[in-house]
Amino acid sequence: MVNDVSTLAGYGGSEDEEGERSGHKDGEGVSARFQTPSGVAVDRDDNIIVADLRNRCIRKVTPQGVVSTLAGTGG
């Protein structure tokens with residue numbers, strides 16, 4: 001058994017190539033932005049549902065790493 005951890009979506013570092021650290025941005029992989037992701041769940045289609053606390057919204061991350069906003073406006 002291998003215990004690797006990797007980033008599926010969002011940016012795990014302190015700053016990305018555009019100087020952004022966090023925020024509200026839907027998109028693929030590391031181009032997506034979250035601000036204080038706090039609660040997570042997995043639905044029956046293997047999507048990850050994230051409570052994005054400081055953006056006041058609920059986000060969905062597909063198994064392919066595509067992030068979209070399900071509820072709330074973000075920011």
Side-chain angles (χ1 to χ4, degrees):
M1 181 169 154
V2 177
N3 294 315
D4 291 334
V5 175
S6 62
T7 301
L8 175 64
Y11 189 74
S14 60
E15 190 172 280
D16 70 7
E17 63 278 353
E18 298 168 358
E20 295 180 9
R21 295 179 182 197
S22 64
H24 181 271
K25 183 177 176 185
D26 291 341
E28 286 189 47
V30 297
S31 69
R33 294 286 170 270
F34 295 85
Q35 191 162 338
T36 316
S38 59
V40 297
V42 179
D43 70 12
R44 65 179 177 204
D45 297 320
D46 291 329
N47 296 303
I48 301 169
I49 308 303
V50 181
D52 195 349
L53 185 66
R54 297 199 75 187
N55 282 318
R56 298 183 186 111
C57 60
I58 304 297
R59 315 284 294 282
K60 176 175 83 170
V61 183
T62 68
Q64 296 75 31
V66 178
V67 177
S68 60
T69 300
L70 295 178
T73 57

(message) Filter on salt bridge (Lys or Arg N to Asp or Glu O under 4.0 Å), then keep only pairs touching residues 34-53, sequence neighbours left out; what's left?
(response)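 Sorted pair list: Asp52-Arg59.
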(request) Give every residue pair that meets the salt bridge (Lys or Arg N to Asp or Glu O under 4.0 Å) criterion with at least one member in residues 62-71, sequence neighbours excluded. (result) none
(request) Please tell me if the side chains of Ile49 and Val42 come closer than 4.5 Å, counting only heavy atoms from C-beta onward. (result) no
(message) So, taking the atom named CZ in Phe34 and the one named NE2 in His24, what distance separates them when rounded to the nearest 0.5 Å?
(response) 9.0 Å
(request) Please round to the nearest 0.5 Å and tell me the distance separating atom CD of Gln35 and atom CZ of Arg56. (result)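 Rounded to the nearest 0.5 Å, the CD-CZ separation comes out at 9.5 Å.
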(request) Going by the side chain to side chain contact (heavy atoms under 4.5 Å, CB included) test, name the single residue among Val50, Val61, Thr62 that passes it with Val67. (result)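 Of the listed residues Val50, Val61, Thr62, the side chain to side chain contact (heavy atoms under 4.5 Å, CB included) partner of Val67 is Val61.
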(message) Taking side chain to side chain contact (heavy atoms under 4.5 Å, CB included) as the criterion, tell me which of Val66, Thr69, Asn47 meets it with Lys60.
(response)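 Between Lys60 and the candidates, side chain to side chain contact (heavy atoms under 4.5 Å, CB included) is satisfied uniquely by Asn47.
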(request) Compare every heavy atom of Cys57 with every heavy atom of Gly72, then report the nearest pair and how far apart it is. (result) CA-CB, 3.9 Å
(message) Through direct or indirect side-chain contacts below 4.5 angstrom among Ile, Leu, Val, Met, Phe, Trp and Tyr, which residues connect to Leu53?
(response) none
(message) Quick check on the hydrophobic clustering: are Ile48 and Ile58 connected, directly or via other members, by side-chain heavy-atom contacts under 4.5 Å?
(response) no
